[in-house]
Structures are given as structure tokens and as C-alpha cells.
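Here, residue 1 is the first one in the sequence, and each next residue gets the next number.
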Amino acid sequence: MPTAVLTDHERTAVQAYLRLLQTVRAALDAPPGSGRPPVVPPGALAEAERALEAAGLTGNEEAFFRMLRSWCPEV
């Protein structure tokens with residue numbers, strides 16, 4: 001249960017990060033022997049970067065992850 005009240009920009013950053021995390025997990029869960037290295041679409045990375053910047057969290061990942069853990073501890 002979320003305990004922190006996030007701004008709209010912070011919420012967007014958290015959601016973008018969670019989408020990026022799901023994308024990375026899906027890429028790494030590819031069947032072995034598929035012959036392809038895991039690939040994360042550049043758009044997913046760019047979305048997360050834009051969201052962090054809009055929330056004023058670029059370069060302050062420690063604050064972002066502290067906020068993320070308080071809002072979504074299971075991540």
C-alpha cells in the first residue's frame with residue numbers, strides 16, 4: 001500500500017520506471033538458445049529518462065529509489 005503522496009511528475013517517473021523494469025525482465029526472460037541477446041527498446045529508456053527529468057530527479061537516483069521504495073516496497 002503506497003504511503004507517500006507523489007506529485008504528478010513523480011508518479012509518472014515511477015510508472016515509467018516500472019514499465020522499463022517490466023520490459024527489461026521480459027527481454028531477459030527470452031527463451032535460452034534463441035540466438036538473440038536481450039534488447040531493451042530505446043523508447044522505453046527514453047521515456048524513463050524524460051519522466052525522471054520532468055520530476056527533477058535526473059542525477060539524483062538515490063532520492064528516486066528512496067521514493068520508489070516508500071511507494072512500492074515490493075520492487
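Within 6.0 Å of the CD atom in E49, the count of heavy atoms belonging to other residues, nucleotides or ligands does not exceed 12.
When the salt bridge (charged side-chain N to carboxylate O under 4.0 Å, His left out) test is applied to E47, the partners found at least two apart in sequence or on another chain are R19. In this structure, the side chain to side chain contact (heavy atoms under 4.5 Å, CB included) partners of A51, at least two apart in sequence or on a different chain, are T12, A13, A16. For D8, the salt bridge (charged side-chain N to carboxylate O under 4.0 Å, His left out) criterion is met by R11, not counting sequence neighbours. Checked against salt bridge (charged side-chain N to carboxylate O under 4.0 Å, His left out), R50 has no partners two or more places apart in sequence or in another chain.
Nearest heavy-atom pair across A63 and L57 is CB-CD2, 4.3 Å.
Applying the ring-ring contact (aromatic ring centres under 6.0 Å, His included) definition to pairs two or more places apart or across chains, none involves residues 28-59. Within the structure, ring-ring contact (aromatic ring centres under 6.0 Å, His included) contacts touching residues 37-64 (residues at least two apart or in different chains) are Y17-F64. Each ring-ring contact (aromatic ring centres under 6.0 Å, His included) pair with one or both residues in residues 18-44, not counting sequence neighbours, would appear here, but there are none. The ring-ring contact (aromatic ring centres under 6.0 Å, His included) analysis of residues 19-55, with sequence neighbours excluded, yields no pairs.
When hydrophobic side chains of Ile, Leu, Val, Met, Phe, Trp and Tyr are connected at separations under 4.5 Å, L20 ends up clustered with V24, L28, V40, L45.
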